[in-house]
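I have placed the structure first, in the form of C-alpha cells, so that the comments after it can refer back to it.
In what follows, chains carry the letters A, B, and so on, assigned in the order in which the sequence lines appear, proteins first and then strands, with residues in each chain numbered from 1.
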4 protein chains.
Amino acid sequence: MASRGINKVILVGNLGQDPEIRYMPSGGAVANITIATSESWRDKATGEQREKTEWHRVALFGKLAEVAGEYLRKGSQVYVEGQLQTRKWQDQSGQDRFTTEVVVQGFNGVMQMLGGRGQGAPAGGQQQQQGNWGQPQQPAQQNNFAPQQQQQAPQQQAQQAPQPQYNEPPMDFDDDIPF
Amino acid sequence: MASRGINKVILVGNLGQDPEIRYMPSGGAVANITIATSESWRDKATGEQREKTEWHRVALFGKLAEVAGEYLRKGSQVYVEGQLQTRKWQDQSGQDRFTTEVVVQGFNGVMQMLGGRGQGAPAGGQQQQQGNWGQPQQPAQQNNFAPQQQQQAPQQQAQQAPQPQYNEPPMDFDDDIPF
Amino acid sequence: MASRGINKVILVGNLGQDPEIRYMPSGGAVANITIATSESWRDKATGEQREKTEWHRVALFGKLAEVAGEYLRKGSQVYVEGQLQTRKWQDQSGQDRFTTEVVVQGFNGVMQMLGGRGQGAPAGGQQQQQGNWGQPQQPAQQNNFAPQQQQQAPQQQAQQAPQPQYNEPPMDFDDDIPF
Amino acid sequence: MASRGINKVILVGNLGQDPEIRYMPSGGAVANITIATSESWRDKATGEQREKTEWHRVALFGKLAEVAGEYLRKGSQVYVEGQLQTRKWQDQSGQDRFTTEVVVQGFNGVMQMLGGRGQGAPAGGQQQQQGNWGQPQQPAQQNNFAPQQQQQAPQQQAQQAPQPQYNEPPMDFDDDIPF
DNA sequence: TTTT
DNA sequence: TTTT
C-alpha cells in the first residue's frame with residue numbers, strides 16, 4: 001500500500017442520475033455515479049453568458065458504495081475524493097478503448113453527502129423502490145460482474161463508453177489488492 | 001469565470017517523456033505531458049511485491065506550457081494542479097471517442113517543478129536545442145494546431161488515443177474562453 | 001505572484017456564526033468566518049460514541065468576502081480553498097502571539113456555498129438586516145481596520161485570540177501584494 | 001472514524017531543520033517538522049522583487065513519523081497531506097495559548113519525500129548518528145512525552161510557541177483515538 | 001444526465 | 001459557535 005507520487009481528485013457536484021450499484025464476485029459493492037461540475041463565463045466576443053458542464057465518471061467501492069446506493073440520488077450534491085484511473089477495454093470490433101474514472105476506495109477515498117437535511121433517499125420504509133439496485137431478489141453473493149455489464153452495454157453505447165468489466169477487480173475496502 | 005462545483009486534480013509524479021509543445025492559432029502555447037504515479041503493495045495471495053503505474057495525460061496552457069517546455073524533461077518530477085476534462089473526437093472510422101485529460105490552465109492551474117537544483121533542462125546556453133519545440137524557425141503565430149496533430153497521430157496511436165484537435169480552443173492564460 | 005512550494009487548505013463545514021465583514025483602508029472587503037469540521041468514532045476502551053469538532057478561522061478577501069457577507073450565515077455549509085497563514089501580534093502585555101488562519105484570496109482562493117436552494121441569506125429585500133456588517137450608513141472607504149479591531153478585542157479575548165490588525169494589508173483581488 | 005466535513009491541508013516545501021522525533025507513552029512515534037512555503041512577487045509601488053516565507057508546523061504520527069525521522073533532514077523537500085488542528089496549552093504564566101498544526105496521521109495522512117535519489121539522510125551505515133532521535137539507548141517505551149517537552153521549551157520559546165504536551169494523545173496509526 |  |  002505504499003505509493004510513489006500523488007494521484008488525487010477532488011470533486012464537488014451533483015449526480016446526473018441515480019447511482020448504479022453492482023456486486024463483485026467477492027461480494028464487495030461497486031457504485032457508479034456521474035457528477036456534474038460546471039463553469040460559466042461571459043463570452044468576450046458576443047457578450048453572452050455561456051456555461052460548460054463537465055461530467056465525471058466516479059466508481060465507489062465497498063462501504064462507500066453501499067452508502068452511495070442508500071443515500072445518493074439524481075441531483076444529490078456530493079464531495080468525493082479519489083484517484084484517477086484509466087482502464088483499457090475492447091469494443092465490439094475488438095479495438096482497444098480507454099476510459100478514465102475517478103476511483104473512490106479504501107483509505108484514501110472520501111465521499112460526503114452535502115446539503116444537509118434529507119436531500120437524498122428516504123431513510124425510512126421505501127426501500128422496496130431500490131429493487132433495481134443490487135438485485136435484492138438474489139443474494140448479493142450471486143451477483144457477479146459480467147452479466148450486468150452485458151445488460152448495460154446497449155444504453156451505455158449511446159453515452160460515452162460501455163462500462164468495462166473489472167477483470168482485475170478493484171480493491172474492496174477489506175482487500176489488499178490496489179487498483 | 002464563475003463555477004458551480006469543484007473539479008480539481010492534484011498529481012505528483014515523473015514525466016514519461018519530454019513535453020510536446022505546440023501553439024494555438026492565437027499564439028498561445030500548449031504543452032502535453034504524461035505523468036506517472038504508482039502504487040506498490042504485497043499480494044496477499046502470492047506474497048509477492050507488485051506495482052501498478054498509472055499514466056496521466058496532462059495539458060498545460062499559456063505561461064505554464066512555456067515553462068514546462070523550457071524546464072521539464074523525461075523523468076522530471078512535477079506537481080500539477082488542474083481540472084479533469086473529457087473531450088470528444090472522431091477516430092479514423094468516424095466513431096466517437098473520448099479522452100480525459102488534466103487541464104492545467106489559468107488562475108486555478110499550478111505547475112511546480114520538484115527535486116531542486118537543475119533536475120530538468122539546462123538553464124544555461126543550450127536553449128538552441130529546443131528547436132524542435134514550438135518550431136522556432138517559424139513565428140509562433142504561424143503554428144496552427146491541426147497540422148501538428150496529424151503528425152502526432154501515428155505514434156500516439158500506439159499509446160492510448162490520438163491527440164484530438166482542440167476545435168474549441170482551450171483558454172489561454174489571457175483569454176476569457178474556458179475549457 | 002510566483003510561489004515556491006504548495007500551501008493549500010481545503011475545508012468543507014458549517015459556519016459557527018454569521019460572517020464578520022470589515023473594510024480595509026483601500027476599501028477592500030474582508031470577511032472572517034469560523035468553520036466547523038468534526039470527526040466521530042467509537043472509543044475502544046469505553047465503547048462509547050465520541051465526537052471532536054475542530055474550529056477553523058477563515059479570512060476571505062475581496063469579492064469572495066462580499067459574497068460571504070451577502071449569502072453566508074451561521075449554519076451555512078461551505079467549501080473553501082485557501083492558504084495557511086500565521087500572523088504575529090502582541091497581546092495586552094506586549095507579548096508576541098501567533099494566530100493561524102486560512103486565507104482565501106485572489107486567484108487561488110475558492111469559496112462555494114453548498115446545500116443548494118437558499119440555505120443562506122435572503123436574496124431579496126431584507127438587506128437592511130445586514131446593517132451591522134460593513135457599516136452601510138457610512139461609505140465603505142471610511143471604515144478602516146484598526147478601530148474595528150479595538151471593539152472586537154474584549155469579546156474575542158474569551159475566544160482564542162484578538163483579531164490582529166492587518167498591518168501589512170493582505171492582497172485584495174486586484175492588488176499585487178501577497179499575504 | 002466517520003467525519004462530518006472536510007479538513008485537508010496539502011503542503012509541498014522544504015524542512016527548516018531536522019525532524020524532532022519523540023515517543024508517546026504507548027510507544028508510538030511522533031515527528032515534528034517545520035515546512036517552508038514561499039511566495040514571491042513584484043511590489044507594485046517600489047518595483048522591487050519581494051518574497052514572503054510561511055512556516056508550517058507539522059506533526060507526523062506512527063509509521064510516517066518513523067520514516068520522517070529516518071529519511072528527512074533540514075532542507076529536504078516533502079509533500080504532506082494532513083489535517084488542521086488547533087491545540088490549547090498553558091504558558092508559564094498559566095495563560096491559555098493556542099497552536100495550530102498540520103497533523104499527518106492514520107489513513108488520511110500522506111508523506112512523500114520529493115526530489116529523488118538520496119536528498120535526505122544517508123541510506124547506508126550512518127544510522128548510529130541518529131542516536132539523538134528517539135533516544136536509542138533506552139527502549140522506546142520508556143521515552144515519555146513530558147520530559148522531552150521540558151528540554152525543548154527554551155529553544156522553542158524563541159520561535160513561536162512551546163511544544164505543548166499531547167495530554168490527549170493523538171491517534172497512532174494503530175489506535176482508534178482520533179485527534 | 002445534474003445544479004443555479 | 002456549526003452540523004448530524
Side-chain angles (χ1 to χ4, degrees), chain A residues 11-20 32-41 49-58 67-68 71-80 112-120 123 152 155-161 163, chain B residues 2-7 86 88 98, chain C residues 11-20 32-41 49-58 67-68 70-80 112-120 123 152 155-161 163, chain D residues 2-7 86 98:
Chain A
L11 301 175
V12 175
N14 300 279
L15 271 66
Q17 42 196 136
D18 286 356
E20 295 169 7
N32 286 281
I33 62 177
T34 54
I35 295 180
T37 58
S38 60
E39 312 254 342
S40 65
W41 71 100
Q49 189 71 12
R50 294 192 53 190
E51 177 163 353
K52 180 160 179 286
T53 294
E54 189 71 35
W55 288 99
H56 308 275
R57 302 172 65 99
V58 178
V67 173
Y71 295 105
L72 296 182
R73 291 293 179 276
K74 177 178 177 174
S76 295
Q77 193 179 34
V78 74
Y79 172 101
V80 297
Q112 295 241 334
M113 295 169 288
L114 303 174
R117 331 117 280 266
Q119 56 140 314
Q152 290 181 346
Q155 81 170 106
Q156 292 268 8
Q157 191 68 332
Q159 280 195 321
Q160 190 173 105
Q163 166 95 34
Chain B
S3 77
R4 178 143 188 91
I6 300 295
N7 174 1
T86 300
K88 190 208 274 197
F98 299 86
Chain C
L11 300 175
V12 174
N14 300 279
L15 270 68
Q17 43 197 133
D18 287 356
E20 295 169 8
N32 286 280
I33 61 177
T34 54
I35 295 180
T37 58
S38 58
E39 311 254 343
S40 65
W41 71 99
Q49 188 71 12
R50 294 191 54 189
E51 177 163 352
K52 180 160 179 287
T53 295
E54 189 72 35
W55 287 100
H56 308 274
R57 301 172 66 100
V58 178
V67 174
E70 231 177 311
Y71 295 105
L72 295 182
R73 289 296 177 275
K74 176 178 177 172
S76 296
Q77 193 180 34
V78 74
Y79 171 101
V80 298
Q112 296 242 335
M113 296 171 288
L114 302 174
R117 330 118 281 266
Q119 56 138 315
Q152 290 180 343
Q155 79 169 106
Q156 292 267 10
Q157 191 69 333
Q159 280 196 321
Q160 187 174 110
Q163 166 97 35
Chain D
S3 78
R4 178 143 189 92
I6 300 295
N7 174 2
T86 300
F98 299 85

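Put simply, CD1 on C:Ile33 is 13 Å from C1' on F:dT1, counting in whole angstrom units. One interatomic measurement links the two molecules: NE2 of A:His56 to P of E:dT2, which rounds to 15 Å at whole-angstrom precision. Residue D:Ile6 contributes atom CD1, which lies 16 Å from atom P of F:dT4 at whole-angstrom precision. Rounded to whole angstrom, the span from the CE atom of A:Met113 across to the P atom of E:dT2 amounts to 21 Å. Residue C:Arg57 contributes atom CZ, which lies 13 Å from atom C1' of F:dT1 at whole-angstrom precision. Look at CD on A:Gln77: it is 21 Å from P on E:dT1, rounded to the nearest Å. Between the CG atom of A:Leu11 and the C1' atom of E:dT1 there is a distance of 16 Å, given to the nearest Å. Atom CD1 in A:Ile35 sits about 17 Å away from atom C1' in E:dT4, given to the nearest Å.
Side-chain contact check for A:Leu15 versus A:Arg73: every heavy-atom pair is 4.5 Å or farther apart.
In this structure, the side chain of A:Gln112 does not engage the main chain of A:Tyr79 through any donor-acceptor pair within 3.5 Å.
When the nucleotides E:dT3, F:dT3, F:dT1 are ranked by their closest atom to the side chain of D:Arg4, F:dT3 comes out on top. Here F:dT4 is the nucleotide among E:dT3, F:dT1, F:dT4 with the atom lying nearest to any side-chain atom of C:Glu51. Set against F:dT1, F:dT3, E:dT1, the side chain of C:Ser38 has F:dT3 as its closest nucleotide. Here the nucleotide nearest the side chain of C:Asn14, chosen from F:dT1, E:dT2, F:dT2, is F:dT2.
Across every non-hydrogen atom of C:Lys74 and C:Gly16, the tightest pair is CG-O, 3.6 Å.
Residue-level contact check: A:Thr37 touches neither bases nor backbone, having no heavy atom under 4.0 Å from any strand.
In this structure A:Thr53 satisfies the side chain to side chain contact (heavy atoms under 4.5 Å, CB included) test together with A:Ala36, A:Ser38, A:Glu51, A:Trp55, sequence neighbours excluded. Residues passing the side chain to side chain contact (heavy atoms under 4.5 Å, CB included) test with A:Asn14 are A:Gln77, B:Arg4, sequence neighbours excluded.
An aromatic stacking contact between C:Trp55 and the base of F:dT2 is absent, as defined here by ring centres under 5.5 Å apart and ring planes under 30° from parallel.
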